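No experiment lies behind these values; they were computed from the predicted model shown.
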2 protein chains.
Amino acid sequence: MPPSPPTTMQPRKTPIQNRSRVTVEAIYEATIQVLLRDGMNDLTTTSVAERAGVSVGTMYQYFPNKQALVYALNARYLDALAVRIEATCREQSGAPLGQMVEALIETYWAAKTERADVTRALYRSVAELNNDALIHAFAERVDRATAEMFSSARDAVFADVPRANLALVTVIYGTVRNAFERGLSTQAAADLRQDLTTMCRAYLANFSV
Amino acid sequence: MPPSPPTTMQPRKTPIQNRSRVTVEAIYEATIQVLLRDGMNDLTTTSVAERAGVSVGTMYQYFPNKQALVYALNARYLDALAVRIEATCREQSGAPLGQMVEALIETYWAAKTERADVTRALYRSVAELNNDALIHAFAERVDRATAEMFSSARDAVFADVPRANLALVTVIYGTVRNAFERGLSTQAAADLRQDLTTMCRAYLANFSV
DNA sequence: CCAAAACCTGAAGATTTCCTCATATTCTGA
DNA sequence: TCAGAATATGAGGAAATCTTCAGGTTTTGG
């Protein structure tokens with residue numbers, strides 16, 4: 001294990017021509033596959049390049065080092081997730097509170113479950129990365145979206161929007177992740193999801209008009 | 001990075017004399033400290049041995065490899081956590097439901113927060129380990145304890161204990177972890193904790209007698 | 001058509017790390 | 001006391017990985 005260099009997470013060069021865009025895309029895809037197959041520990045620059053069908057040199061033209069590669073992959077994933085959450089929030093704008101909660105749970109749950117193996121692999125891959133900034137930026141972004149959505153509810157009025165928002169998103173995201181890590185059966189997962197909804201709605205009853 | 005060998009997680013030898021027990025203890029402590037200082041990535045067998053004041057050879061007499069060391073450390077941590085949860089469950093046996101929930105949240109929250117840096121370091125250290133079995137054993141153990149506690153509540157009757165139990169523990173553990181990862185301010189954390197309690201109680205109202 | 005820019009290649013250098021083993025020291029129990 | 005068990009040592013072998021760079025190929029734009 002080589003020592004962790006003063007890691008630069010910034011991409012090295014941005015693709016300009018089309019073939020390089022394809023290359024970079026292939027590298028991302030290969031990274032996921034290697035992560036799934038070997039795990040972060042055995043993910044080597046060589047194995048990724050090989051799987052992507054390019055040479056290591058090419059990889060290093062776009063990513064300054066191995067960690068930056070995984071970092072970028074996670075940034076992508078979080079961005080896609082944020083986009084989905086934001087879309088849900090827009091759709092639910094002005095809806096009743098209960099429906100909002102249900103929609104939010106649905107979106108988050110689906111995003112994590114659809115490709116459970118990828119989700120799990122990514123969770124593991126970032127553990128040793130300096131991704132606090134990434135996580136915080138993501139949290140701020142989606143918190144803003146959900147807070148705005150809740151504010152727009154036609155059947156509620158909040159004394160302290162940020163507080164209620166934090167409570168809801170923390171409980172929802174935390175529960176989904178925990179449920180996911182437990183590897184629940186389909187039935188148990190469905191029950192849990194319903195109970196989670198129940199809980200959130202019970203909490204929200206405090207604010208209904 | 002050497003390839004991941006068919007890792008044996010089992011300890012190699014059990015200390016018999018007192019000096020070796022002290023040695024093993026020192027190794028555990030050193031592992032935590034190196035984990036805090038350098039992170040899992042830069043944790044080397046040499047650095048741990050050095051910090052512990054023993055030679056690498058000694059370390060390898062008790063742990064077959066590096067991963068087994070970290071694995072054992074986590075097993076220890078989980079055991080300590082389970083013991084605390086079980087104690088709380090015993091104490092609350094026969095109490096009112098609301099009090100049980102509060103006590104459980106208190107215990108779990110405290111355990112995770114008391115030494116936040118250690119908790120975080122351990123979370124990160126296991127990410128790449130094959131610790132599913134460990135996690136499942138832990139979950140089963142504490143789930144049994146809490147389920148029994150809830151069953152004993154004097155002011156409630158459950159149609160489906162396992163289901164209610166799963167909902168509660170998943171929400172509580174998940175929320176605490178998520179809150180913890182967000183690095184909330186003291187005030188925000190206190191608010192959240194209260195809201196979490198509120199939610200759980202609202203959910204439990206369905207079962208009160 | 002052609003010069004310049006963009007892109008790709010991959011062998012090899014520079015480092016590091018894990019773990020063993022032969023040997024030395026300390027402890028225990030009779 | 002003392003033989004055997006338990007424990008400790010630490011230099012070095014064996015193995016792998018990351019990353020570079022000099023040079024070749026493809027594309028672009030005028």
For [X] and [N], is the shortest distance between a side-chain N/O and OP1 or OP2 below 4.0 Å?
{"X": "A/Ser20", "N": "C/dA6", "answer": "no"}
{"X": "A/Tyr60", "N": "D/dT19", "answer": "yes"}
{"X": "A/Ser55", "N": "C/dG10", "answer": "no"}
{"X": "A/Thr23", "N": "C/dC8", "answer": "yes"}
{"X": "B/Thr58", "N": "D/dT7", "answer": "no"}
{"X": "A/Arg21", "N": "C/dA6", "answer": "no"}

Between atom [atom1] in [X] and atom [atom2] in [N], what is the gap in whole Å?
{"X": "A/Met59", "N": "D/dT17", "atom1": "CE", "atom2": "P", "answer": "14 Å"}
{"X": "A/Phe63", "N": "D/dT20", "atom1": "CZ", "atom2": "C1'", "answer": "18 Å"}
{"X": "A/Ile16", "N": "C/dC8", "atom1": "CD1", "atom2": "C1'", "answer": "15 Å"}
{"X": "A/Leu69", "N": "D/dT19", "atom1": "CG", "atom2": "C1'", "answer": "14 Å"}
{"X": "B/Arg12", "N": "D/dA8", "atom1": "CZ", "atom2": "C1'", "answer": "15 Å"}
{"X": "B/Leu43", "N": "C/dT16", "atom1": "CG", "atom2": "P", "answer": "17 Å"}
{"X": "A/Asn18", "N": "D/dT28", "atom1": "CG", "atom2": "P", "answer": "8 Å"}
{"X": "B/Lys13", "N": "C/dC19", "atom1": "NZ", "atom2": "P", "answer": "17 Å"}

Measure from the side-chain heavy atoms of [X] and tell me the nearest of [options].
{"X": "B/Gln61", "options": "D/dT26, D/dT9, C/dC18", "value": "D/dT9"}
{"X": "B/Val56", "options": "D/dC18, C/dC18, C/dC19", "value": "C/dC19"}
{"X": "B/Asn65", "options": "D/dT20, C/dC19, C/dC7", "value": "C/dC19"}
{"X": "A/Tyr62", "options": "C/dC8, D/dT7, C/dT17", "value": "C/dC8"}
{"X": "A/Lys66", "options": "D/dT7, D/dT19, C/dT20", "value": "D/dT19"}
{"X": "B/Gln17", "options": "C/dC27, C/dC8, D/dT28", "value": "C/dC27"}
{"X": "A/Val54", "options": "C/dT9, C/dT20, D/dC18", "value": "C/dT9"}

- Message: Here's a test for you: under side-chain contact (heavy atoms from CB on, under 4.5 Å), which of A/Leu192, A/Ile105, A/Ile172 qualifies with A/Thr197?
- Response: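 By the side-chain contact (heavy atoms from CB on, under 4.5 Å) criterion, A/Thr197 pairs with just one of A/Leu192, A/Ile105, A/Ile172: A/Ile105.
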- Lys/Arg cation over aromatic A/Tyr28: A/Arg76, 6.0 Å, 45° cone: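 Yes, cation above the ring, under 6.0 Å and within 45°.
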- Does B/Lys13 make a cation-pi contact with B/Tyr62 (under 6.0 Å, within 45 degrees of the axis)?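 So B/Lys13 does make the cation-pi contact.
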Just by modelled atom types, is the [Y] backbone N or O under 3.5 Å from a matching donor or acceptor in the [X] side chain?
{"X": "B/Asn165", "Y": "B/Asp143", "value": "yes"}
{"X": "A/Ser47", "Y": "A/Leu43", "value": "no"}
{"X": "A/Asn131", "Y": "A/Ala127", "value": "no"}

- Query: Across the strands shown, which category fits A/Thr45 at heavy-atom distances under 4.0 angstrom: base, sugar-phosphate, nothing?
  - Reply: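 Base, at least one base heavy atom under 4.0 Å.
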- Message: Taking donor-acceptor contacts at under 3.5 Å, does the side chain of B/Arg19 reach the base of C/dT26?
- Response: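 When only heavy-atom distances are counted, B/Arg19 does reach the base of C/dT26 through a donor-acceptor pair under 3.5 Å.
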